[in-house]
Amino acid sequence: MSAKTTLVLSGLEPLIVTTESNFVNIGERTNVTGSRKFLQLIRERKFDDALEIAREQVEGGAQIIDINMDEGMIDGVEAMTTFLNLVASEPDISRVPVMIDSSRWEIIAAGLKVVQGKCVVNSISLKGGEAEFIEQASTIRRYGAATVVMAFDENGQADSYERRIEICARAYRILNEIVGFPKEDIIFDPNIFPVATGMEEHRKNALDFFAATRWIKENLPGAHVSGGVSNVSFSFRGNQKVREAMHAAFLYHGIKAGMDMGIVNPTMLEVYNEIDPDLLELVEDVLLDRRDDSTERMLEYADRVKDSHKTKEKDLRWRDQILEKRLEHAMVKGVIEFIEQDTEEARMHYGSPLKVIEGPLMAGMNVVGELFGSGKMFLPQVVKSARVMKKAVAWLTPYLEAEKAGTSNKSGVIVMATVKGDVHDIGKNIVGVVLSCNSFEIVDLGVMVPTSVILDKAQEIGADAIGLSGLITPSLDEMIHVAKEMEMRNMTIPLLIGGATTSRVHTAVKIDPMYSGLVIHVNDASRAVPVLSSANGKDAQSFTKQIKAEYQELRELYKTRNAAKRYVSIEEARRLRKRIDWKQAKLVVPNQLGIREISFRIADLIEYIDWTPFFKTWGLHGKYPEVLTDSVVGEQAQELFNDVNAMLDQLKATHALTPKAVVGLFRAASKQNDDVVVFDDQNNELAIFHLLRQQSEKDSAASQSCLSDFIAPHDTGMTDHIGCFAVTAGKEIEQLAKEYDAQHDSYRAILIKAIGDRLVEAAAERLHLQVRKELWGYAADEILTNSELIGEKYQGIRPAPGYPACPDHLEKLTIWKLLDVEKRIGITLTESLAMEPASSISGYYFAHPESHYFGLGKIGKDQVEDFAKRRNEPLSYCEKWLSPNLNYEPEA
C-alpha cells in the first residue's frame, strides 16, 4: 500500500481509502438542498432532530456525512458552525469524517474552523480563476483537509469527456506545482449529469463520466474520484424502482472505471445482480448509449411500472424439483418443514450420511454464503438457513457414529469465544452462523472463557483462526492478554477481534503490536468471511502485510492526533467545573426514599421498546418504523418483526419471563474532589461514588464536566438526592436460548437473546419514568410519547457505569453493595464486572434540569493518582480499569 495513493480522513475514527478499498458511501441526507426534511429542521432550528438524520445516515452505512447549509433563508455560516459543533458532541455520529459541502466559500471557511478530525471540502473549482483557486486550496491545505475539485473553470462546467480531462489535468497541475497539495487528498468530481432526458447532447453523459474517471486514475497519480450519483436518474423522479436500478448500474460501471466514492442514498440503491434483467438491459442501454432508441424504451418502461409492487406467492411447486434442488431451496429460504424427510431421502440415495453433508447440504450452504456475500441475503435469512442445516445434521447424527463426522471440504476450523469475565455473545453467535454457512467449522467455547482454554483448544484441534468477542471495556485488556500469550506460544494463526467496545483503532494501537501474526478487527458479520478467506488463502502473506501496514499507519495517525491534544490539570478541570446556581435550584425530595423491588409484565413493557437497535443487531440498518418499508431491507425487516412479535406473544401467554428491578433513592451531597456521598434517613454515610472529570482542553466557554456537578455540594448545606438501580430481563432468557439450541434452532436462540436485550432496555425506560413521576416525583406532570422517551426529552439522566460519562466499571461494586442487587434480583458480577444474566442494566439517577450526558474522553495521570487515593487502591489497579481512557502509557 503506497502512501501516495492512500487518502486518510477521520472523525473520531480514521477512514483509510486505498486502491484496495471498497466504494466509500457518502450520506446525502444532511443537505438542505437535497432533503426537505433536513432543511425544515434547520430553518426551525430543531438541531437535535437534525442530528437524528445524521445519526440515521451513519447507522445506515454512510462512511462520510455530507453537510450542506446552502439556502437563502438561513444563515449558512451560523448554521454550519452550530451543527458541526453539535455533531462533534455526538460520538456515534462524529466517529465518521465530515464532508463540508457548500458553493459559498465563507461557509466552507467557517466549517473548517470547527470541524473535528480530517474532513473533506466539497468543493472548489477554477470557475473563479486561478488566483482564487490557489488561495482556497492553500487555506484547505493549512487546515489539513482533503478537497473535492469540480470539473468547472472560467468557461463553465465540463459537459464532455474532453472538457472533463482538460480541467482536471489543469487543476491537478496547479495543486501539485503551485499549492503543494498532497496528491492523495485530491478528489475530482467529473460531473454526473442526467441521462435519458430526450436531448441528444445528453446521450453520452454517463459514458463520458466513466471515461473521464478511467483517464484520471491512469494519468493523475494519487487522485480519487467522487460524484453525486442521484443526478444520473433526475429524469425519473418519482419512479423509485427505475431510479434504484439506475443508481446501482451506474455505480457498478463507475466503480469498475475507478470511482472511489460517491454521494448516494442507500435506501435508493438496488443490488446490481437483483435488478430485473429486462430493466437492467434498458438501464444499461441508456447509461452506455447502446441504442438510438434507448431513451424512448426506458421512458416507455417507466410509464408502465410506476413503482408497482409484485405480490409474493406462496406455493409448494418447489417440492416437484429434484432432491438436490429441494435441499438447496430449503437452505436458501429457511424452510424446515420438510428437511428431515428430504435428508432421509438423501441418505438413502447417497448411501452415506457423510456424503449427504459433504454433497447437497454443503452445496446448499455454499449458495447461501454466496448470496449473503453478494448482498442478496440478510442476516436473519442466513441464521434461518443455518437452522435448516443443523436440523439436517441432527437427523444424520445417529447414522454418523460409524463414520468420521468432519467434512473434508471445509474452508477451515475457527475457535470462537467471548473472553474471560464477559457474558455477551449475540454478535459472536451471528458471526459463527455466517461462517458456518460458508463451509467453516465453528468451535464455539461460549462465554467467560479464560485465555488458556481458548489457546489450548486452538492448538489441540489445529484451528485455522481464533475469533474473540467482548462487550465491556475490561474485555479489551483481556484481548491484549490473548495476543501476548499467542506470541509467547509462537502461534501464527490469524486473530479476529469483534464486539461493541472494540474498534479498528484500538485493535491497531493496543492489540496488533502484541502479536506478530495477523490481527484484524471485524466489525460486521458480513466481513468475517472475506477476511478469513484472505487470511487463509493463497495470498495470505500479502494480505497480512497489507493489514499490518494499515495498522501501523493507524498507530502513527493516533499518535499524531493524541500529541496534538491538550489537557488541563485535574485542579484546573475542577476549577472549570459546571457552575449551577444552587441557591435558585428547586431540589425535590423523593416521595419514597430507600430501596424497593419492582417486577414488570412483558405486556406493560412492549410500548417502551426501542426497535431500531434490534434491527441493527440483525444487520438491517434503518430507523424503526421506516425500516419496515425500506426499499432494500423492508421485506426482511417485516418478516423478522413478525417473528419477534410472535415470540413476544408466546412469552406473554406463558409468563415465561418476569423482568425485575431494584431501585434506591438516597440523600446525597457532592464534594470538591468529585466524590458523591450517599446518606441514609439519619444522615449516616452509606456509600461514596468516586466519579471522574473531563480534562481535554476546551474553548473558554466550555466547562469540564463530571457527574458530581449535578449534585448539590456539601458546603451549601442543601439536601440533595441521588438514585441508583439495576434491572434484568431474567435468567430465563439464557435457559430458553439453551433449549432452542438443543433443538438445533439457532435462529430462535439468537432471537430470544435479542428480545432479552430489548426488554431490559424497555424495563429500564419504564422504571426511569416511574422514578421521575412517582417514586421521586420531580417530573410528576411529564407527558411524553415513546419516541420522545427514546430521544431522551425528559428531565434528568440515568448514566451507567462503563458508559461515556462514567466509564469506570468499579462503581458497580458500590451499587451492588448499596442495593444488595444479587440477593434481591439475582444479577451477579463477573470478575470483569460484567452483569450476568447478560440482559441486565444498572446505573444512577440524576434529577437536576441541567444534568446531561457527556463523554469523559481521555484523562491524565494526575487524576488517576487522585482517583486511586480516593479509592484507597494501588495506582496500577486503577490504571488497569481505566486503561481505555488514559492519555498516557502506564509503566509496565
Could you check whether Arg772 pairs with Glu782 (Lys NZ or Arg NE/NH1/NH2 to Asp/Glu carboxylate O, under 4.0 Å)? yes
Under a 4.5 Å cut-off applied to non-hydrogen side-chain atoms, are Tyr794 and Glu788 in contact? no
Looking at Asp604 and Arg766, is any side-chain nitrogen of the basic one under 4.0 Å from a carboxylate oxygen of the acidic one? no
Shortest non-hydrogen separation from Ala834 to Ile472 and the atoms involved: CB-CD1, 3.5 Å
So does Leu810 get a backbone contact from the side chain of Thr814, meaning a donor-acceptor N/O pair under 3.5 Å? no
Can you check whether Gly421's main-chain N or O pairs, donor with acceptor, with Thr830's side chain at less than 3.5 Å? yes
For the pair Arg55 and Glu52, find out whether any cationic side-chain nitrogen is under 4.0 Å from an anionic carboxylate oxygen. yes
Quick one: do Lys823 and Glu597 make a salt bridge, cutoff under 4.0 Å? no
Does the distance from a Lys or Arg side-chain N to an Asp or Glu carboxylate O, for Arg798 and Glu765, drop under 4.0 Å? yes
Please lay out, stage by stage, how Trp618 and Tyr747 fare under the test ring pair (Phe, Tyr, Trp, His ring centres under 6.0 Å). CA-CA 11 Å; Trp618 291 91; Tyr747 176 68; 5.6 Å; yes
Using a 3.5 Å distance criterion without hydrogens, assess whether the side chain of Asp422 forms a donor-acceptor pair with backbone atoms of Gly470. no
Parallel, tilted or perpendicular for Tyr624 and Phe615, by the 30°/60° rule? parallel
Look up atom CZ in Arg748 and atom CG in Leu736, then write down how far apart they are to the nearest 0.5 Å. 12.5 Å
Taking the side chain from Glu478 and the backbone from Lys420, do they hold a donor-acceptor pair closer than 3.5 Å? no
Do the side chains of Ile466 and Leu455 get nearer than 4.5 Å, heavy atoms only? yes
Backbone N or O of Glu90 within a donor-acceptor pair of the Ser94 side chain at under 3.5 Å? yes
Between Thr502 and His521, do the side chains contain an N or O donor and an N or O acceptor separated by less than 3.5 Å? yes
We want to know whether Asp675 and Ser708 form a side-chain donor-acceptor pair, criterion being a heavy-atom distance below 3.5 angstrom. no
Side-chain donor/acceptor of Asn591 to backbone N/O of Glu774, under 3.5 Å: yes
Side chains of Ile815 and Tyr844 in contact at under 4.5 Å (non-hydrogen atoms): yes
Using only atom types and a distance under 3.5 Å, with no angle test, would you say the side chain of Gln770 pairs donor to acceptor with the backbone of Leu767? no
Which word best sums up how the rings of Phe641 and Trp611 line up, parallel for under 30°, tilted for 30 to 60°, or perpendicular for over 60°? perpendicular
His768 vs Tyr845, test: ring pair (Phe, Tyr, Trp, His ring centres under 6.0 Å). Steps then yes/no. CA-CA 8 Å; His768 194 191; Tyr845 292 128; 5.0 Å; yes
Would you confirm whether Lys817, through its side chain, and Ala687, through its main-chain N or O, come within 3.5 Å as a donor-acceptor pair? no
Can you establish whether the number of heavy atoms outside Lys812 located under 6.0 Å from its atom NZ is more than 12? yes
Indicate yes or no: at least one non-hydrogen side-chain atom of Ile602 is less than 4.5 angstrom from one of Leu648. yes
Distance-only, no hydrogens or angles: does the Ser832 side chain make a donor-acceptor pair with backbone N or O of Pro474 under 3.5 Å? no
Counting only heavy atoms from other residues, nucleotides and ligands, does the tally under 6.0 Å from NZ of Lys731 exceed 12? no
Has Tyr853 got more than 12 heavy atoms of other residues, nucleotides or ligands less than 6.0 Å from its OH? yes
So, does Glu811 use its side chain to make a donor-acceptor pair with the main chain of His690 at under 3.5 Å? yes
